Amino acid sequence: MVEGTVWAGFPSPAADFAVKRCDLNDLMVTHPAATFFWHVRGTSMVDAGISDGDLLVVNRALAPQHMDVVVAEVDGEFTVKHFCCKGGAVSLRAANPTFPPLLLKEGQTLTICGVVTYTVRKMRP
């Protein structure tokens, strides 16, 4: 792990400042028994910075709050969306204007599988 931050503007010889080995589990997993990883397929969350092929870090120990990104199961189908809870009404909203909100209807089942805490994107094949 390199101490400090990196500026996205000019190169820096960061190797000279390496302090310790970095374990991404230490950085991204706060509840190991309640954390899982999930690959994303689709484009409904691109405006939230989540792209097709990204890896989500999902924490089941967190209670979802309004506008958290969550993995949800709706009638047996899994999806990643913004969790919206206003006035007791719950909906799931995409972060792409071409996808309509998912408004739950009478008889539908919704299970929040966990809150997305990180995304990991592969930048090179």
Side-chain angles (χ1 to χ4, degrees):
M1 178 74 141
V2 176
E3 188 142 333
T5 57
V6 63
W7 294 97
F10 60 91
S12 172
D16 295 340
F17 302 101
V19 177
K20 66 176 183 171
R21 287 187 60 86
C22 176
D23 182 343
L24 292 179
N25 286 308
D26 292 340
L27 293 174
M28 296 190 286
V29 178
T30 55
H31 299 96
T35 300
F36 59 96
F37 300 86
W38 209 304
H39 273 106
V40 175
R41 290 292 170 245
T43 59
S44 72
M45 295 301 287
V46 293
D47 290 348
I50 299 172
S51 298
D52 185 66
D54 284 356
L55 183 69
L56 303 178
V57 180
V58 181
N59 189 332
R60 292 183 60 119
L62 299 175
Q65 298 177 3
H66 179 65
M67 292 308 291
D68 274 348
V69 175
V70 299
V71 171
E73 181 182 3
V74 180
D75 294 336
E77 298 287 328
F78 294 97
T79 188
V80 58
K81 298 284 184 278
H82 283 289
F83 175 79
C84 298
C85 185
K86 286 187 176 180
V90 172
S91 64
L92 299 173
R93 304 215 177 239
N96 180 334
T98 63
F99 289 80
L102 201 160
L103 307 171
L104 297 173
K105 298 175 184 138
E106 184 73 31
Q108 283 190 295
T109 59
L110 168 68
T111 302
I112 301 300
C113 301
V115 175
V116 176
T117 54
Y118 290 91
T119 61
V120 180
R121 177 169 300 139
K122 185 175 184 178
M123 301 299 288
R124 186 174 181 185

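Note that the coordinates shown come from a computational prediction; the quantities given were computed from them, not determined experimentally.
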For the atom pair [atom1] ([X]) and [atom2] ([Y]), what is the distance rounded to the nearest 0.5 Å?
X: Thr117; Y: His31; atom1: OG1; atom2: NE2; result: 10.0 Å
X: Leu102; Y: Glu77; atom1: CG; atom2: CD; result: 11.0 Å
X: Glu106; Y: Gln108; atom1: CD; atom2: CD; result: 10.0 Å
X: Phe99; Y: Thr43; atom1: CZ; atom2: OG1; result: 4.0 Å
X: Lys86; Y: Met67; atom1: NZ; atom2: CE; result: 8.0 Å

Are [Y] and [X] connected in a single hydrophobic cluster, I mean Ile/Leu/Val/Met/Phe/Trp/Tyr linked by side-chain heavy atoms less than 4.5 Å apart?
X: Ile50; Y: Phe78; result: yes
X: Leu55; Y: Val80; result: no
X: Val70; Y: Leu110; result: yes

> For Arg60, does the CZ atom sit with more than 12 other heavy atoms under 6.0 Å from it, leaving out its own atoms?
Replying inline: no
> Got more than 12 heavy atoms from elsewhere within 6.0 Å of CD, Gln65?
Replying inline: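 Atom CD in Gln65 is not packed in, count stays at 12 or less.
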> Is there a donor in the side chain of Ser51 and an acceptor in the side chain of Arg121, or the other way round, less than 3.5 Å apart?
Replying inline: yes
> Quick one: do the Thr109 and Asp75 side chains pair a donor with an acceptor below 3.5 Å?
Replying inline: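 Their side chains do contain a donor-acceptor pair, which is all the 3.5 Å distance test asks for.
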> Taking it one step at a time, do Val57 and Phe37 satisfy side-chain contact (heavy atoms from CB on, under 4.5 Å)?
Replying inline: CA-CA 5 Å; Val57 180; Phe37 300 86; 3.5 Å; yes
For [X] versus [Y], what's the shortest heavy-atom pair and its separation?
X: His39; Y: Gly53; value: CD2-O, 3.6 Å
X: Ala63; Y: Asp68; value: O-OD2, 4.1 Å
X: Val115; Y: Pro64; value: CG2-CA, 3.8 Å
X: Leu103; Y: Ser91; value: CD2-CB, 3.6 Å
X: Ala72; Y: Leu92; value: CB-CD1, 3.8 Å
X: Val90; Y: Cys85; value: CG2-SG, 4.1 Å

>> Consider side chain to side chain contact (heavy atoms under 4.5 Å, CB included). Of Val29, Val58, Leu62, which one does Thr35 pass it with?
In response: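 So the option named by the test is Val29.
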For residues [X] and [Y], determine if any side-chain heavy atom of one lies less than 4.5 Å from a side-chain heavy atom of the other.
X: Val120; Y: Asp54; answer: no
X: Val74; Y: Leu104; answer: yes
X: Met45; Y: His82; answer: yes
X: Thr98; Y: Ser44; answer: no
X: Val71; Y: Thr79; answer: no

>> side-chain contact (heavy atoms from CB on, under 4.5 Å) for Phe83 and Val69? Distances and angles first, verdict last.
In response: CA-CA 6 Å; Phe83 175 79; Val69 175; over 6 Å; no
> Step by step, would you call Leu56 with Val40 a side-chain contact (heavy atoms from CB on, under 4.5 Å)?
Replying inline: CA-CA 7 Å; Leu56 303 178; Val40 175; 3.4 Å; yes
